[in-house]
Amino acid sequence: MNYWLLKSEPSTFGIDDLKARPKKTEPWDGVRNYQARNMLRDEIKKGDLAFFYHSNCKPPGIVGVVEVVKSGYPDHTAFDPDSAYFDAKSQPQNPRWFMVDVKFVKKFPEIISLDILKKQPELEGFPLLRKGNRLSVMPVAAEHWNFVQGLVKKD
DNA sequence: GCCAACGTTGGC
DNA sequence: GCCAACGTTGGC
């Protein structure tokens with residue numbers, strides 16, 4: 001079992017949107033970066049857990065946990081000319097883009113902001129904190145996963 | 001294959 | 001809105 005971090009802009013799709021889904025699941029579509037694609041296609045497996053990260057908002061940070069409920073499969077939004085994620089170069093016989101399905105697990109009582117994360121010496125090497133990193137899917141080491149859990153405010 | 005121009009991400 | 005840090009595109 002592996003750990004991941006998935007980025008999304010809450011104005012597009014946030015953790016509350018996921019929680020509001022009837023089955024609390026959603027395809028993680030629209031990833032159009034090859035490095036991220038490779039992870040979605042080859043590495044992220046059903047049963048894995050991921051941090052839900054809100055980007056491009058105030059403040060950015062980790063807002064909760066999701067579980068991968070379906071391993072990588074073709075992102076069909078790439079085949080749909082009406083979709084914002086349409087890519088003519090991706091064909092159903094030879095799909096270029098992939099996605100996984102995720103399910104809501106929990107929302108943290110408070111966001112663990114990027115600001116807070118940056119102040120933790122224990123998180124050195126955390127890919128999210130690497131300068132210039134823009135990947136929307138990235139692996140999280142088990143020790144980093146556990147450490148971040150410890151930052152969650154207790155009720 | 002090189003690399004300049006252009007587009008995107010995402011924090012600030 | 002700005003801009004650094006990429007990634008992609010396309011001419012050569």
* Structure fact -> Contacts of A:Asn33 meeting side-chain hydrogen bond (donor to acceptor under 3.5 Å, both in side chains) (sequence neighbours excluded), chain-then-number -> none

* Asked: If you group Ile, Leu, Val, Met, Phe, Trp and Tyr by side-chain heavy-atom gaps below 4.5 Å, do A:Leu18 and A:Val69 land in one group?
  -> no

* To do: Using a heavy-atom cut-off of under 4.0 Å over every strand shown, decide if A:Lys7 touches base, sugar-phosphate, or nothing.
  => sugar-phosphate

* Asked: Taking any atom under 4.0 angstrom from a heavy atom of chain A, which nucleotides of DNA chain C are the first and last to qualify, 5' to 3'?
  -> C:dA5 to C:dT9

* Between the side chains of A:Asp101 and A:Trp28, does any donor sit under 3.5 Å from an acceptor? -> no

* Hey, can you pull the residues of residues 85-97 of chain A with a non-hydrogen atom under 4.0 angstrom from DNA chain C? -> A:Lys89

* Asked: Heavy-atom contacts under 4.0 Å between residues 121-133 of chain A and DNA chain B, which residues?
  -> none

* Asked: Step by step, would you call A:Ile44 with A:Asn2 a side chain to side chain contact (heavy atoms under 4.5 Å, CB included)?
  -> CA-CA 7 Å; A:Ile44 305 186; A:Asn2 291 307; over 6 Å; no

* Does some side-chain heavy atom of A:Tyr53 sit less than 4.5 Å from a side-chain heavy atom of A:Ser8? -> no

Show me the donor-acceptor pairs within less than 3.5 Å that the side chains of residues 103-110 of chain A make with the rest of the protein, sequence neighbours left out.
| from | atom 1 | to | atom 2 | distance (Å) |
| --- | --- | --- | --- | --- |
| A:Lys107 | NZ | A:Asp16 | OD1 | 3.0 |
| A:Lys107 | NZ | A:Asp16 | OD2 | 3.4 |
| A:Glu110 | OE2 | A:Lys153 | NZ | 3.4 |

* To do: Starting from the C-alpha separation in whole Å, work towards a yes-or-no answer on side chain to side chain contact (heavy atoms under 4.5 Å, CB included) for A:Lys19 and A:Lys24.
  => CA-CA 5 Å; A:Lys19 192 179 179 185; A:Lys24 299 190 192 303; 4.0 Å; yes

Side-chain polar contacts of residues 115-142 of chain A - donor-acceptor pairs under 3.5 angstrom, sequence neighbours left out - could you list them?
| from | atom 1 | to | atom 2 | distance (Å) |
| --- | --- | --- | --- | --- |
| A:Gln120 | NE2 | A:Ile116 | O | 3.0 |
| A:Asn133 | OD1 | A:Leu135 | N | 3.2 |
| A:Asn133 | ND2 | A:Pro127 | O | 3.1 |

* Asked: Is the distance between the ring centroids of A:Trp97 and A:Tyr85 under 6.0 Å?
  -> no

* Asked: Is a side-chain donor-acceptor pair under 3.5 Å present for A:Arg96 with A:Tyr34?
  -> yes

